[in-house]
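Structure below; questions to follow.
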Amino acid sequence: MGRPLRRIAFAQPYRFKLPKGDGPILFKYVQSCTIKFDPFDEKGRALREIHRELSSTRYLQANPKVQIHLDMQKNAEPNFKIKYINGFEIDIENVAETDAKTILSEIFYEATHVRFEYLRENKPLP
C-alpha cells in the first residue's frame, strides 16, 4: 500500500501552494516525524523552524496522535524524516541548504497524495 520510501535532495527552492487553513487538515495524514540537528550549528536553522511549526497547538490539535521525535546532538548532521499513515516515508537529506518553507511544502504536497489515495479507495478519513 503506497510508496515505500523517497529520498529528497532539493536543487532549488520548491513551493507547493497551500490554502491557509489546509495545513492542519493535511497534517492528519502524518504518523510520525524525526527531526535531528546540532542545536549550536547554523545548518539546523530550518529544522528548528520546522519543529516550532509542527509542534504548534493548531497542528497538535488537528493530529493529537502524531509522534514528533526531536534529536539534538552536538556535531549531528541535520536530517528530517517523516512517515505518513499509509506507510510512505520521506527522508530529506540536504536540509542545511533548504529553507523551512520548502520542507513544509514537501510535507503537505505528499500529504495531499495520501489524502487522494484515501478518497480514491473510499477509506475512512482520519
Side-chain angles (χ1 to χ4, degrees):
M1 176 162 102
R3 300 160 289 172
L5 173 67
R6 189 172 107 189
R7 295 190 188 278
I8 299 175
F10 294 106
Q12 57 184 343
Y14 166 78
R15 297 283 194 276
F16 173 66
K17 300 294 183 189
L18 183 71
K20 187 170 183 160
D22 285 357
I25 294 169
L26 292 174
F27 194 64
K28 293 178 182 179
Y29 296 93
V30 174
Q31 183 177 359
S32 67
C33 61
T34 303
I35 304 168
K36 181 179 179 181
F37 62 93
D38 181 358
F40 303 109
D41 193 2
E42 211 39 49
K43 294 178 186 176
R45 170 182 261 173
L47 291 179
R48 283 192 294 271
E49 177 64 24
I50 293 291
H51 179 257
R52 185 199 63 77
E53 182 78 23
L54 295 183
S55 59
S56 67
T57 55
R58 74 180 191 152
Y59 287 109
L60 292 179
Q61 285 177 350
N63 188 357
K65 296 179 186 177
V66 70
Q67 299 173 0
I68 299 176
H69 305 284
L70 181 63
D71 186 9
M72 294 189 296
Q73 297 178 1
K74 187 175 180 176
N75 299 328
E77 276 300 310
N79 192 359
F80 181 76
K81 293 181 182 178
I82 188 162
K83 184 175 182 181
Y84 295 92
I85 59 175
N86 66 347
F88 180 62
E89 295 181 31
I90 295 179
D91 185 5
I92 300 179
E93 295 174 338
N94 65 341
V95 292
E97 296 89 25
T98 309
D99 64 337
K101 287 185 179 183
T102 304
I103 297 171
L104 281 172
S105 67
E106 183 62 33
I107 292 170
F108 295 130
Y109 177 75
E110 292 299 333
T112 57
H113 288 292
V114 176
R115 182 179 188 193
F116 289 141
E117 180 182 310
Y118 269 65
L119 290 172
R120 185 176 58 236
E121 296 175 4
N122 289 327
K123 292 182 181 180
L125 299 175

Close side-chain approach of Leu104 to Leu54, heavy-atom, < 4.5 Å: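 Leu104 reaches Leu54 side chain to side chain.
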Derivation and outcome, side chain to side chain contact (heavy atoms under 4.5 Å, CB included), residues Glu110 and Glu106: CA-CA 6 Å; Glu110 292 299 333; Glu106 183 62 33; 3.2 Å; yes
Criterion side chain to side chain donor-acceptor pair (under 3.5 Å) against Asn86, the qualifying member of Glu121, Gln31, Glu117, His113: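 Going through Glu121, Gln31, Glu117, His113 one by one, the side chain to side chain donor-acceptor pair (under 3.5 Å) with Asn86 is satisfied by Glu117 alone.
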Gap separating the CD1 atom of Ile82 from the OG atom of Ser32, nearest 0.5 angstrom: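 Going from the CD1 atom of Ile82 to the OG atom of Ser32 covers 8.0 Å.
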Approximate separation, where rounding is to 0.5 Å, of Ile90 CD1 and Ile103 CD1: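 Going from the CD1 atom of Ile90 to the CD1 atom of Ile103 covers 11.0 Å.
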Spatial distance of atom OH (Tyr84) from atom CD1 (Ile107) [nearest 0.5 Å]: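 Answer for the OH-CD1 pair, Tyr84 versus Ile107, is 6.0 Å.
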Leu119 reachable from Phe27 in the ILVMFWY side-chain graph, under 4.5 Å edges: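 Result: yes, single cluster for both.
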Flag side-chain contact, heavy atom, 4.5 Å: Val30 against Phe108: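 They are not in contact (no side-chain heavy atoms under 4.5 Å apart), so the answer is no.
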Listed partners of Lys43 passing side chain to side chain contact (heavy atoms under 4.5 Å, CB included), at least two apart: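 Expected list: Asp41, Glu77, Pro78, Ala96.
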Heavy-atom side-chain contact between His51 and Arg48 under 4.5 Å: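 His51 does not reach Arg48 side chain to side chain.
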Non-hydrogen side-chain atoms of Met72 and Phe37 separated by less than 4.5 Å: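 Answer yes - side chains close enough.
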Inter-residue atom distance Tyr109.OH - Leu26.CG, 0.5 Å rounding: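 Tyr109 OH to Leu26 CG: 13.0 Å, rounded to 0.5 Å.
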Side chain to side chain, Glu89 and Lys81, heavy atoms closer than 4.5 Å: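 Not touching, per the 4.5 Å side-chain cut-off.
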Rounded distance (nearest 0.5 Å) linking atom CD1 of Ile85 with atom NZ of Lys28: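 If we round to the nearest 0.5 Å, Ile85:CD1 and Lys28:NZ are 10.5 Å apart.
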Validation row: Val95, Asn79 side chains within 4.5 angstrom (heavy atoms):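 No; the side chains remain at least 4.5 Å from each other.
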Nearest-0.5 Å distance that lies between atom CG in Asn122 and atom CZ in Arg120: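 Rounded to the nearest 0.5 Å, the CG-CZ separation comes out at 10.5 Å.
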Check: Thr34 and Phe80 side chains under 4.5 Å, non-hydrogen atoms: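 No - every pair of side-chain heavy atoms lies 4.5 Å or more apart.
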Side-chain touch Arg115/Ile25, heavy atoms, less than 4.5 angstrom: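 The answer is yes, as the side chains (C-beta and beyond) meet within the 4.5 Å cut-off.
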